[in-house]
Undergrad: 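I have a structure I would like to understand better, so I am pasting it below and will then ask my questions one at a time.
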Amino acid sequence: MIGRAAILAAVILLAGHASAGEFWTGTWVGGYENGGAGVQLIMVGDEAVGLSWRDDYVAGLASTVSPDEQTLKLAWTGGDAVVTPGKEDGTAAMVIHEPGKPDVRIALDRETE
């Protein structure tokens, strides 16, 4: 009986781990309206693998997702950002902070194929 309970617990843990980061996976874009400074954020699971900001890919990109997947924190050489899910599926809100500049708020949408 203990063996079955351990197997069941392991399956539940693995299933939870497999779905981690699925919300963030994809390419998120926004801010290009009316000639604005655009953002393209490329996520694989919980890891940011690319961020284009002001028409250039940033250097030194690092990312952290909160355990409940409701907050994505990004940091790079010269700035950082916080991204939170929007009220509608496939949307998010990003606040970018660069020292000495006003914060920039950008609405993001997940690109669909």
Side-chain angles (χ1 to χ4, degrees):
M1 189 71 142
I2 293 175
R4 288 183 184 171
I7 291 171
L8 179 59
V11 168
I12 291 170
L13 286 173
L14 289 174
H17 180 71
S19 65
E22 286 183 19
F23 174 81
W24 294 109
T25 296
T27 301
W28 298 79
V29 296
Y32 293 101
E33 306 81 19
N34 303 317
V39 168
Q40 180 189 47
L41 172 62
I42 304 165
M43 296 289 298
V44 176
D46 288 347
E47 184 179 355
V49 296
L51 174 64
S52 175
W53 166 232
R54 300 187 194 271
D55 296 323
D56 198 11
Y57 281 92
V58 302
L61 181 62
S63 60
T64 305
V65 174
S66 64
D68 65 359
E69 296 190 357
Q70 295 301 301
T71 305
L72 167 62
K73 293 184 180 181
L74 304 170
W76 62 90
T77 305
D80 59 77
V82 175
V83 186
T84 53
K87 294 181 181 181
E88 297 179 25
D89 285 343
T91 66
M94 175 182 252
V95 178
I96 298 172
H97 174 76
E98 295 173 294
K101 297 180 181 179
D103 288 353
V104 177
R105 288 169 169 60
I106 297 178
L108 300 177
D109 292 303
R110 184 189 335 257
E111 284 188 332
T112 56
E113 295 181 38

Undergrad: Identify the heavy atoms of Glu69 and Phe23 that sit nearest to each other, and give their distance.
TA: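 In this case the closest contact between Glu69 and Phe23 is OE1-CB, 4.0 Å.
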Undergrad: Any donor and acceptor pair, going by atom type alone, linking the side chain of Thr77 with main-chain N or O of Ala59 inside 3.5 Å?
TA: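 Checked: pair present.
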Undergrad: So, for Tyr32 and Val39, which heavy atoms are closest and what is the spacing to 0.1 Å?
TA: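 Closest approach of Tyr32 to Val39, heavy atoms only: CE1-O, 3.5 Å.
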Undergrad: Between Ser63 and Leu72, what is the shortest heavy-atom contact and its length?
TA: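 Taking every non-hydrogen atom into account, CB-CD1, 4.1 Å.
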Undergrad: Main chain of Thr71, side chain of Thr84: is a donor-acceptor contact present, judged purely on distance under 3.5 Å?
TA: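 Looks like no, no N/O pair under 3.5 Å.
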Undergrad: Working to the nearest 0.5 angstrom, can you tell me the gap between Leu41 CG and Trp24 CH2?
TA: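 So the CG of Leu41 and the CH2 of Trp24 are separated by 8.0 Å.
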Undergrad: Can you give me the closest heavy-atom contact between Ala48 and Leu74, atom names plus distance?
TA: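 So the two residues come closest at CB-CD2, 3.7 Å.
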Undergrad: For residues Val83 and Val29: do they belong to one hydrophobic cluster (side chain heavy atoms under 4.5 Å, members Ile, Leu, Val, Met, Phe, Trp, Tyr)?
TA: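 In one cluster with Val83: Val29, no.
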Undergrad: Nearest 0.5 Å, what's the CD-OG1 distance between Gln40 and Thr27?
TA: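 It comes to 5.5 Å.
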Undergrad: What about Val44 and Tyr57, same hydrophobic cluster or not, with Ile/Leu/Val/Met/Phe/Trp/Tyr joined at side-chain heavy-atom distances under 4.5 Å?
TA: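 They do share one cluster, since a chain of ILVMFWY contacts under 4.5 Å joins Val44 to Tyr57.
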Undergrad: Do the side chain of Thr25 and the main chain of Gly45 share a donor and acceptor less than 3.5 angstrom apart?
TA: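 Present.
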Undergrad: Is there a path of hydrophobic side-chain contacts, each under 4.5 Å between heavy atoms of I/L/V/M/F/W/Y residues, joining Leu108 to Leu61?
TA: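 They do share one cluster, since a chain of ILVMFWY contacts under 4.5 Å joins Leu61 to Leu108.
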Undergrad: Using atom types as modelled, flag every donor-acceptor pair under 3.5 Å from a side chain in residues 92-103 to any protein atom, sequence neighbours excluded.
TA:
unit_1	atom_1	unit_2	atom_2	d
His97	ND1	Asp103	OD1	2.8
Glu98	OE1	Arg54	NH2	3.1
Glu98	OE2	Trp53	NE1	3.2

Undergrad: Answer yes or no: is there a side-chain heavy-atom contact under 4.5 Å between Met43 and Trp28?
TA: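 Met43 reaches Trp28 side chain to side chain.
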